[in-house]
Protein chains: 2
Amino acid sequence: MEKNIATSIFESLSSGVRLDVFRLLVKKGKDGLVAGEIATALNVPPTNLSFHLKALTQTGLLTVEQEGRFQRYRANLRLMLDLIAYLTEECCAGHPEQCAELREASECCDAVLPALLSTPIKF
Amino acid sequence: MEKNIATSIFESLSSGVRLDVFRLLVKKGKDGLVAGEIATALNVPPTNLSFHLKALTQTGLLTVEQEGRFQRYRANLRLMLDLIAYLTEECCAGHPEQCAELREASECCDAVLPALLSTPIKF
DNA sequence: GTATTATTTCAATGATAGTTGTACTATTGA
DNA sequence: TCAATAGTACAACTATCATTGAAATAATAC
């Protein structure tokens, strides 16, 4: 993952409205929600919501599909996993024993995602 | 995790400098680095780096410890795991079969962190 | 075609973040 | 005590983001 993509994703989620939208769509899974349902659920004016949906879609955190006059949005969980992998690249400089100590110091945990990601995650 | 804490963390990582700092310290593990070493490694002016280190420390992503006249910074990996758990809370409304379909649609992956987190992560 | 609904685009405003230089504090060593 | 070093705090400037209302686009229903 490129750095500017990662920062865009973080910036996307640094707004309370956008964080609420993403988490709501994570809960909804493959069904997703249309824009109006999101606006109702979160009590955000449509104009403002549209602004935030655009930001989330541009970073790739959401996908959008037209359904008649509705726009259906869904969360892109794969991108989130890629982001996690990027963040933890070369964790502890490849010394697992250091990871164990760091885990103790910062209450860090063993990683168990490696098989699922192109880049292993090693806490 | 509270929403405003989560947004603060994302905002922390939405800057290229801060993202570089965090990833560098993840690599360094428990040893961490003192401020001057970070400045040298990333080629950031001390004044500017101090600004970003303060932001990262205030959100809890970094810990800081005084060593004589040096300030040693370390990454807090546990907080990152808590954040991931928060993001994926109630994923797919508790219907694993939906998660599977969403995984297919967005190239999402099976989750394997549950035992390590207070809140299960279920993609 | 006309009206209605869903959503977005645009423009204007106020608020907030990033960078830099200068000045300051604190620790070390002579 | 005095000088040197590590790092931070502050102020000023620029740039960018969030919010809102009004207008525009696009699809459906009558």
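Chain identifiers are assigned alphabetically (A, B, ...) following the order of the sequence lines, protein sequences preceding nucleic acid strands; residue numbering begins at 1 within each chain. These numbers come from the heavy atoms of this one structure, side chains and all, not from hydrogens, waters or symmetry mates.
Applying the side-chain hydrogen bond (donor to acceptor under 3.5 Å, both in side chains) rule to A/Ser14 yields no partners; only residues at least two apart in sequence or on another chain are considered. Every residue was checked against the salt bridge (charged side-chain N to carboxylate O under 4.0 Å, His left out) condition with B/Lys54, not counting sequence neighbours, and none meets it. Under the rule for a salt bridge (charged side-chain N to carboxylate O under 4.0 Å, His left out), the partners of B/Arg72 that lie at least two apart in sequence or sit in another chain are B/Glu67.
A heavy-atom distance below 4.5 Å is found between the side chains of B/Tyr86 and A/Arg23. Between A/Val44 and A/Asp20, every side-chain heavy-atom pair lies at or beyond the 4.5 Å cut-off.
Ion pairing between A/Arg74 and A/Glu65 holds under the 4.0 Å rule for side-chain N and carboxylate O.
The distance from atom CD of B/Glu37 to atom C1' of D/dT5 is 15 Å, rounded to the nearest whole Å. For the pair A/Gln66 CD and C/dT8 C1', the computed distance is 11 Å after rounding to whole Å. Rounded to whole Å, atom C1' of C/dT8 lies 18 Å from atom CZ of A/Arg72. Atoms CZ (A/Phe70) and C1' (D/dT25) sit 16 Å apart, rounded to a whole Å. One interatomic measurement links the two molecules: CG of B/Leu56 to C1' of C/dA17, which rounds to 14 Å at whole-angstrom precision.
DNA chain C lies under 4.0 Å from no heavy atom of any residue of residues 5-21 of chain A. Against DNA chain C, the stretch residues 45-54 of chain B makes heavy-atom approaches under 4.0 Å through B/Pro45, B/Thr47, B/Asn48, B/Phe51, B/His52.
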- Task: Carefully, step by step, assess B/Ile5 and B/Ile9 under the rule side-chain contact (heavy atoms from CB on, under 4.5 Å).
- Result: CA-CA 6 Å; B/Ile5 294 178; B/Ile9 296 173; 4.1 Å; yes

- Message: Could you walk me through whether A/Ile38 and A/Tyr73 satisfy the side-chain contact (heavy atoms from CB on, under 4.5 Å) test, starting with their C-alpha distance in whole Å, then the side-chain angles of each, then the deciding distance to 0.1 Å, before giving a yes or no?
- Response: CA-CA 9 Å; A/Ile38 300 171; A/Tyr73 289 90; 4.2 Å; yes

- Task: Determine, step by step, whether B/Phe10 and B/Leu87 satisfy the side-chain contact (heavy atoms from CB on, under 4.5 Å) criterion, reporting the C-alpha distance in whole Å, the side-chain angles of both residues, the deciding distance to 0.1 Å, and the verdict.
- Result: CA-CA 11 Å; B/Phe10 286 123; B/Leu87 265 182; 3.7 Å; yes

- Candidate pair B/Leu61 and B/Leu25, rule side-chain contact (heavy atoms from CB on, under 4.5 Å), full reasoning: CA-CA 10 Å; B/Leu61 276 172; B/Leu25 289 174; over 6 Å; no

- Taking it one step at a time, do A/Thr59 and A/Ser12 satisfy side-chain hydrogen bond (donor to acceptor under 3.5 Å, both in side chains)? CA-CA 7 Å; A/Thr59 62; A/Ser12 282; 3.2 Å; yes

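At least one side-chain nitrogen or oxygen of B/Tyr73 sits closer than 4.0 Å to the OP1 or OP2 atom of D/dT8.
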What nitrogen or oxygen pairs link the protein and nucleotides 28-30 of chain C at under 3.5 Å?
residue, atom, partner, partner atom, Å
C/dT28, O4', B/Arg69, NH2, 3.3

